Amino acid sequence: MPELPEVETMCRGIGSIVGMRIDGVDRPSCPCRPCVIEPDVTTLDQRLRHQLVAAIERRGKRVILRFEDDARLVIEPRMSGLVLLTDPPSNEHLRLRIRLSADSRPATELLVWDRRGLGTIRLLTAAEFESRVDQRLGPDALVIEAERLRERLKATARPIKVALLDQSVVAGIGNLYAAEILFVAGIDPRTRCDRLSRARWERVHMAIKEVLEEAIANEGSTLSDGTYRNALNNPGGYQNLHRVYDRQDQPCVRCPNGRIRRIVQAQRSTFFCGGCQKR
DNA sequence: CATATGTCCTGAGAGC
DNA sequence: TGCTCTCAGGACATAT
């Protein structure tokens, strides 16, 4: 499930298409039902043909191709989407193909593959991007300042773990990294936001940076279902460094007698150490 | 306004 | 073996 580190790895992996022009967009012959693509593939092809990829950007968990006129192709992988420059994990769930070329470089294809098909692909004008993406998302988790994070949450009664998943508060943290972040911060995920001291907000903020940067350095997490791959179809390595996620009943790596617990918050699994994560 | 719930989807794993 | 059932999770729409 691509969260910020996986999406950042995807973006870095497709950086080589910056400066290339789009020769065409189509949907590879594939038995799967199309995922959300706006506008439809034919219109997308007409609008994007000959456009130069000016930049690859990331905002939260979205991959963004920016063009010269500031239009943006916004790709949300959600649960199982990938962007690839090589052959996908299977030919069964290919959703979109973007053919690119440049004078001095070999032609290439950017593929969007999505096993579950919950992801979305949208071409937005600069104004649409502003209203539909930029304004709806909180600051990116790698950029947000400690005081801004606290300002946004100090008055709410929501549990800290649930609040960190809210993309309108801070963008990029999902279920896996929320658990890892709160372990590093030493905070019980059930703690109400309005009961956290300023010092503990500082710890949450530091843990966000530390965990996400470490995960990016390891190219994200590929879970046991094997879905997540980088742009070259290689798995990440951070799953080997998880301290709590999917480790229920295993010993805590930090405190002597702690065991990792699994509870459910907002219909999602939460993993934490009952020994050293404090309310 | 703040918060909670239902929905989309596929494949893995459990249980019979 | 092979069927049916449940579950996982991100973001959005809808309900309270």
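All values derive from a computational prediction rather than experimental measurement. Reminder, nothing fancy here: chain letters follow the sequence lines and each chain counts from 1.
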Report task. Compute both the distance and the angle, then confirm whether A:Arg254 meets the cation-pi test with A:Phe183: under 6.0 Å from the six-membered ring centre, within 45 degrees of the axis. Result -> yes
Is any N or O donor-acceptor pair between the side chain of A:Arg116 and the base of C:dG9 shorter than 3.5 Å? yes
Q) Are A:Tyr177 and C:dG9 close enough that a side-chain N or O sits under 4.0 Å from OP1 or OP2? A) no
* Could you tell me whether the phosphate oxygens of B:dA4, OP1 or OP2, come under 4.0 Å of any side-chain nitrogen or oxygen in A:Gln267? => no
Whole-Å distance, A:Trp113 CH2 to B:dT10 P, equals 12 Å
- Task: Quick one: label A:Ala266 by what it contacts on the DNA or RNA (base, sugar-phosphate, nothing), any heavy atom closer than 4.0 Å.
- Result: nothing
Mind checking A:Arg115 for me? I need base, sugar-phosphate or nothing, with any heavy atom below 4.0 Å counting as a touch.
-> sugar-phosphate
Among the nucleotides B:dG6, C:dG9, C:dC12, whichever has the atom closest to the side chain of A:Leu118 is C:dG9
Chi angles and distances behind the side chain to side chain donor-acceptor pair (under 3.5 Å) call for A:Glu6, A:Tyr177: CA-CA 11 Å; A:Glu6 291 76 26; A:Tyr177 291 103; 2.7 Å; yes
Taking atom types as they are modelled, would you say the side chain of A:Arg268 forms a donor-acceptor pair with the base of C:dG10 within the 3.5 Å cutoff? yes
### Message
Using OP1 and OP2 only, check whether a side-chain N or O of A:His93 sits under 4.0 Å from B:dC9.
### Response
no
All heavy atoms of A:Gly186 vs all of A:Arg200, minimum pair found to be O-NH2, 3.9 Å
Quick note, A:Arg62 side chain, CB onward, closest among C:dG10, B:dT3, C:dA11 is C:dA11
Between CG of A:Leu164 and P of C:dA11 the distance, given in whole Å, is 13 Å
5'-most contact on DNA chain B (nearest-nucleotide basis), A:Met79 vs A:Thr156, goes to A:Thr156
note: A:Gln167, atom CD; C:dA13, atom P; distance rounded to Å ~ 15 Å
* Any side-chain N or O of A:Arg262 under 4.0 Å from OP1/OP2 of C:dA8? -> yes
task: Spell out, as yes or no, whether a donor-acceptor pair under 3.5 Å connects the side chain of A:Lys278 to the backbone of A:Gly275.
output: yes
Separation of C:dA11 atom C1' from A:Asp114 atom CG, nearest Å, is 13 Å
| task | May I ask you to decide whether A:Arg150 forms a salt bridge with A:Glu147, counting only side-chain N to carboxylate O separations under 4.0 Å? | result | yes
A:Glu76 has its side chain closest, among C:dA11, B:dT10, C:dA8, to C:dA11
Side-chain N or O of A:Ser80 less than 4.0 angstrom from OP1 or OP2 on C:dG9?
-> no
